[in-house]
Amino acid sequence: MSAIPDKPQLEGLEAKWGKVWEEQGTYRFDREGADRDGVYSIDTPPPTASGSLHVGHVFSYTHTDTVARYQRMRGKRVFYPMGWDDNGLPTERRVQNYYGVRCDPSLPYVEGFVPPHEGGDGKSVKAADQQPVSRRNFIELCERLTVEDEKQFEDLWRTLGLSVDWSQSYRTIGDESLRASQLAFVRNVQRGEAYQAQAPTLWDVTFRTAVAQAELEDRDQPGAYHTLHFHRTDSSGAVGEGDLLIDTTRPELLPACVALVAHPDDERYQPLFGTTVRTPLFDVEVPVVAHHLAQPDKGTGIAMICTFGDVTDVVWWRELQLPSRSVLGFDGRLVSEAPEAIESEAGREAYAQLAGKTVFSAKQAVVELLQASGELSGEIRTITHPVKFFEKGDRPLEIVSTRQWYITNSAHDEALRERLLAHGRELDWHPEFMRVRYENWVEGLSGDWLISRQRFFGVPIPVWYPLDADGNPVYDEPILPAESQLPVDPSSDVPAGYTEAQRGVAGGFQGEVDVMDTWATSSLTPQLAGGWERDPELFGLVYPYDLRPQGQDIIRTWLFSTLLRSELEEGRLPWRHAGISGWILDPDRKKMSKSKGNVVTPAGMLEQHGSDAVRYWAASAKLGTDAAFDPQNPTQIKIGRRLAIKLLNAAKFALGFDAAGAGLVTEPLDRSMLAGLARVVEEATRAFDAYDHARALELAESFFWTFCDDYLELVKERAHGGEGQSQASAVTALRAALSIFARLLAPFLPYASEEVWSWMAEGSVHTADWPLASELTALAGDDADAELLGLVGAALVGVRGAKTAAKASQKTPVELAVVQAPEASAERLRLAAADLAAVGRIAELRIEAAPVDAVAVAEIRLEQAEA
RNA sequence: GCGCCUGUAGCUCAGUCGGUUAGAGCGCCACGCUUACACCGUGGAUGUCGGGGGUUCGAGUCCCUCCGGGCGCACCA
């Protein structure tokens with residue numbers, strides 16, 4: 001036990017206790033002699049190391065920490081690891097800007113490379129100003145920067161007081177993670193769950209990579225309808241009679257047109273099905289076909305199918321078995337060579353004017369050409385329509401045909417879909433309604449999960465391809481590494497049976513250059529952290545996990561993909577509970593985001609207000625509920641700070657009374673307080689078990705204020721100046737209550753409660769036993785009157801009110817006070833009359849039974865102040 | 001288009017199974033240096049529970065409907 005300071009304060013507690021916890025290993029996961037039932041395991045979200053932390057992180061990670069601390073105090077061995085999601089695009093972008101470089105895989109490695117600058121100013125560096133570096137140099141810079149970023153993150157998490165076992169941390173780009181992701185992938189391939197396909201793919205032209213359905217978002221964009229003349233081949237071919245009018249928002253894709261399509265029931269176009277038309281400008285003959293996805297009420301009711309303008313084009317192209325006539329390159333520009341189908345001189349000339357242009361410029365050029373040829377009908381009508389974007393991108397996605405790796409996700413497998421939905425029902429969601437989002441997502445899956453990315457800093461896809469006699473890769477026969485060989489980098493490692501000299505030569509092999517989507521690694525966090533295929537004993541202790549905490553925005557990505565991988569690998573749910581935190585909204589109720597400039601740095605908040613205060617704010621919001629936060633006026637944080645300070649001061653005060661005679665609680669008021677507290681303990685425990693940490697906090701907090709404002713005031717005279725058993729009773733009750741409060745509040749205010757605990761007990765409050773109501777009823781007796789404190793409190797309010805009304809100090813003596821109460825209450829009140837008289841400085845206190853509804857002061861006579 | 005959440009005091013939010021007079025904190029007003037706490041304490045005022053309809057002895061709570069706010073999924077010529 002340590003001495004109580006003269007002036008307890010919050011400042012410095014983070015550093016003081018953070019150090020002690022680290023030294024004592026307070027949060028260390030102890031597996032010695034553990035069994036699965038004695039463990040509480042948490043599948044912690046690995047934050048994106050290269051991103052900046054914002055208040056939203058503090059919010060949701062605090063939610064999880066309160067649960068971790070509660071479970072630890074319940075006697076569970078808590079497995080609470082921390083991972084860093086350091087691979088992927090965010091890191092690449094940050095490295096580009098931080099060091100002023102860009103990856104060019106064609107360049108050779110430079111030993112001892114020094115980047116052009118370091119630190120940057122946070123602004124993005126233009127691509128033209130970035131120095132091209134080799135892939136290996138680029139990855140080295142990624143590694144260097146993420147290690148630094150992760151250190152800062154860890155410092156912040158430690159200051160916030162997350163009770164993470166830091167010896168269990170992992171990086172998604174670390175060797176063990178690489179090995180586990182590749183191992184899982186290889187097994188997916190072996191079981192037929194991972195495959196490659198050449199197919200139209202959503203493509204980000206800025207990052208030049210394919211993206212998956214889960215990473216899409218719709219954004220409203222300006223667009224325009226253009227009405228084009230298509231010429232019927234059975235007419236003269238000249239503009240005019242018999243032309244078909246087609247509305248399109250993508251006129252630049254006209255050279256990629258492969259057909260026109262209308263609904264089979266559309267009588268206007270039924271006569272044309274089976275005939276052909278010629279495209280404007282390019283004079284390509286295309287069929288008129290029928291498909292049920294064509295909407296008669298859209299545009300002119302007949303659409304042009306291009307390869308590829310949108311995902312519907314892809315469906316039509318596939319289902320109607322149309323030819324491919326791609327014009328868009330990976331860079332988002334029209335390719336230099338016109339499609340072969342464009343044969344006419346005029347058509348090839350027209351295309352030559354588009355070649356090399358961006359989509360935007362090509363659109364303008366086509367419009368001009370169409371206007372010149374008279375094949376554009378009427379006005380161009382501008383509209384606003386949703387367009388698919390990569391969530392991290394800022395240019396619309398295009399669709400290009402590429403070879404990619406996929407993992408089956410039930411889009412084409414009804415039985416798997418049923419299993420995934422069943423798992424969704426089996427999982428305990430907090431709050432419950434979040435399950436719907438999962439179901440929406442699973443039911444809306446339109447294609448398998450595209451996991452290959454044409455990027456650099458990620459887990460390499462661990463395959464090689466044999467090269468045939470002509471030096472062409474045989475993609476259908478990928479060479480997989482042996483499990484014992486993992487992790488591998490196919491760019492530098494050599495497959496079994498080959499030598500490095502055979503790389504890239506006919507009859508030899510080539511390595512896959514793509515890396516995995518970051519979610520392909522993150523979807524394995526239960527495996528990565530839990531020692532899957534590395535530490536079977538650990539895995540058996542923690543898996544399936546008890547809790548997956550996460551934000552609502554990544555249900556379709558992280559939650560879904562983790563559940564999927566677990567189903568594929570283990571055939572079962574990876575966790576029992578999912579705790580979904582809400583958003584942080586700024587005062588205008590808009591989601592906080594960097595671009596809006598309303599992000600506050602958590603480090604500054606913790607520094608200014610103290611960690612306990614910030615945690616209080618976070619913990620007072622329920623799971624799944626958005627919380628408003630105004631950095632200019634952080635009300636909840638101030639309230640939390642007040643609570644933490646109050647805890648320190650109340651403890652100091654209560655522990656200051658002479659405890660020599662402590663032992664039994666005999667006074668009715670003391671017993672009442674303990675009985676009330678016992679109820680709070682029961683309810684708070686129930687709330688925590690139901691993943692309602694906010695209610696547990698509210699219960700503890702509100703009773704704590706009653707304890708301070710009423711009980712402590714009522715008994716301080718007795719505890720300080722009283723004698724014998726009545727004094728001992730008060731002191732015993734105060735100490736018992738304090739011990740309970742420190743523990744009830746420990747999950748929320750780990751610093752203040754630890755400080756207070758250190759004044760009265762050995763060890764850490766965070767490894768102490770979660771309070772039991774029985775501790776209190778043992779002291780207070782089973783028949784204690786929990787209501788008494790409230791009755792006395794009501795009388796006290798009456799006395800105080802009278803003094804306030806008289807504009808007198810609370811210490812003003814009272815000559816006479818008459819308290820009236822209902823018959824039954826009056827008798828009980830008399831049991832605490834002495835305490836009430838003492839705090840009110842009442843010379844003569846009369847308690848009368850009367851026909852009133854509630855306790856009230858009927859008459860009061862204050863002693864006159866000096867005349 | 002399908003669906004989920006949400007609307008309670010000026011603000012942020014509780015309100016359990018339908019049950020007495022709807023709560024808390026902040027803010028506001030007034031008072032008070034009272035054995036810890038001025039980063040404090042005491043007291044007070046404050047409501048069309050979004051609107052309408054229904055069920056019920058009784059509705060903030062259940063049902064229907066309309067309106068507002070937020071979000072998910074789908075659509076994308």
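Only this structure's heavy atoms are used, side chains among them; waters, hydrogens and symmetry mates stay out.
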List in chain and number order the residues that pass side-chain hydrogen bond (donor to acceptor under 3.5 Å, both in side chains) with [X], two or more places apart in sequence or in another chain; answer none if no residue qualifies.
X        : result
A/Asn649 : none
A/Tyr751 : none
A/Thr804 : A/Gln810

Please enumerate all protein N or O atoms sitting under 3.5 Å from an N or O of nucleotides 30-34 of chain B, with distances to 0.1 Å.
{"unit_1": "B/U34", "atom_1": "OP1", "unit_2": "A/Lys811", "atom_2": "NZ", "d": "2.8"}

Restricting to salt bridge (charged side-chain N to carboxylate O under 4.0 Å, His left out), what partner residues turn up for [X], sequence neighbours left out?
X        : result
A/Lys622 : none
A/Glu14  : none
A/Arg695 : A/Glu683

* Sequence neighbours excluded, which residues qualify as side chain to side chain contact (heavy atoms under 4.5 Å, CB included) partners of A/Thr384? -> A/Asp220
* Of all residues at least two apart in sequence or in a different chain, which pass the side chain to side chain contact (heavy atoms under 4.5 Å, CB included) check with A/Val436? -> A/Asn440
* Asked: Which range-with-range stems can be found for RNA chain B when each stem has 3 or more Watson-Crick or G-U pairs in a row and both distances sit under 3.5 Å?
  -> B:1-7 with B:67-73, B:10-13 with B:23-26, B:28-32 with B:40-44, B:50-54 with B:62-66
Taking only N/O atoms, report every protein-nucleotides 14-19 of chain B pair under 3.5 Å with atom names and distance.
{"unit_1": "B/A14", "atom_1": "O2'", "unit_2": "A/Glu698", "atom_2": "OE1", "d": "3.0"}
{"unit_1": "B/U16", "atom_1": "N3", "unit_2": "A/Arg695", "atom_2": "NH2", "d": "3.4"}

If you restrict it to nitrogen or oxygen atoms, what contacts under 3.5 Å exist between nucleotides 72-75 of chain B and the protein, and what is each distance?
{"unit_1": "B/C73", "atom_1": "OP1", "unit_2": "A/Arg556", "atom_2": "NH1", "d": "2.9"}
{"unit_1": "B/A74", "atom_1": "OP1", "unit_2": "A/Gln213", "atom_2": "NE2", "d": "3.1"}
{"unit_1": "B/C75", "atom_1": "N4", "unit_2": "A/Asp218", "atom_2": "OD2", "d": "2.5"}

